[in-house]
Amino acid sequence: ALEGQPLKLIAGDGVQLSEDGTKALSTCGGRVVYDGNTLSVAEEFVIRGDVDLSVGNIDFNGVVEISGDVLDDFHIRASKGIRVSGAVGACRLESNGPVEIGSMAGLGSGLIRCRGGLRAKYLNQVKVECWGNIEVALEIRNCSVKATQAIIVERGTISGGEAVALDGIEAKHLGSVSGIKTRVTAGVYFPETDLLNTLHHQQRSYNLQIS
């Protein structure tokens, strides 16, 4: 056999080679990409299509971008952000950065928890905990949405469920002609109120056990 040639590895974005060239060290979190002789670390994980059985659940240290839909019971966790061009089903989306989706029908079990802003066209039966602004284009229906900043449905409706925001709530319509109960609370920092409600529940439980 002919003798092989030494590999000339090129360090791309997010990669640093050792002095002797025998080790490649990552300088950031992400996904390893090897293209030609170039080794790099990409901070984006891109899915060209739907998240289904062929993909499975996603847990990624970076930004997750999906060009299709996310089917029911598939969950996504990303450290820097989530972008979904299509619709999201009864799933959990958790991110330390912003979340941007087309729409979401959570069927009562869907959850979005993000440490950045949330942008969507439509939310239905979804629980949202957002450390930022929640901006929805058309409608929030039968959801529990909580934001540390503002909730804005500039051209649409909030009907059913609960909306809590520290910096205010803006919508074209509130409530429904069918009489669905809609609870809206502004000027409240939800992480503290949720903790207080949990402590009150525990106190009632302790008092019952003592008696």
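It should be emphasised that the depicted structure is a prediction, and the values quoted were computed from it without experimental measurement.
For the pair E135/E154, no side-chain contact is recorded, criterion being any heavy-atom separation below 4.5 Å from C-beta on. Taking 4.5 Å as the limit, some side-chain heavy atom of F74 sits within range of a side-chain heavy atom of L53.
Between I169 and the choices I134, V145, I151, the side-chain contact (heavy atoms from CB on, under 4.5 Å) rule is met once, by I151. Checking R83, K80, R48 one by one against E65, the salt bridge (Lys or Arg N to Asp or Glu O under 4.0 Å) holds for a single residue, R83.
To the nearest 0.5 angstrom, I158 atom CD1 is 12.0 Å from R141 atom CZ. Note that OG of S67 and CG of D50 are 7.5 Å apart. Values are rounded to the nearest 0.5 Å.
Side chains of Q202 and T198: a donor-acceptor N/O pair is absent below 3.5 angstrom, by distance only. In this model, a donor atom of one side chain and an acceptor atom of the other lie less than 3.5 Å apart for S79 and N61. Q149 and D167 share no donor-acceptor pair across their side chains, judged by distance under 3.5 Å alone.
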- Query: Passes side chain to side chain contact (heavy atoms under 4.5 Å, CB included), M104 versus V84? Steps please.
  - Reply: CA-CA 10 Å; M104 184 169 183; V84 182; over 6 Å; no

- Task: For the pair I76 and I66, evaluate side chain to side chain contact (heavy atoms under 4.5 Å, CB included) and give the outcome as yes or no after the intermediate values.
- Result: CA-CA 11 Å; I76 300 174; I66 298 162; 3.3 Å; yes

- Message: For I58 and I47: C-alpha separation, side-chain torsions, deciding distance, then whether side chain to side chain contact (heavy atoms under 4.5 Å, CB included) applies.
- Response: CA-CA 10 Å; I58 298 173; I47 303 295; 4.2 Å; yes

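Counting heavy-atom neighbours within 6.0 Å of D59 CG, excluding the residue itself, gives a total above 12. Within 6.0 Å of CG on D35 lie no more than 12 heavy atoms contributed by other residues, nucleotides or ligands. Open room surrounds CZ on R119; 12 or fewer heavy atoms of other groups in view lie less than 6.0 Å from it.
The closest donor-acceptor contact from the side chain of D72 to the backbone of A90 lies under 3.5 Å. Put simply, the side chain of D52 gets close to the backbone of S54: a donor and an acceptor are under 3.5 Å apart.
If you look at Y189 and W131, their ring centroids are not closer than 6.0 Å.
Side-chain contacts under 4.5 Å among hydrophobic residues (ILVMFWY), followed directly or transitively, place L138 with no other residue at all.
Residues E94 and R77 are paired through a salt bridge, judged by an N-O separation under 4.0 Å between the basic side chain and the carboxylate.
Listed here is the closest heavy atom pair of R92 and H75: N-ND1, 3.1 Å.
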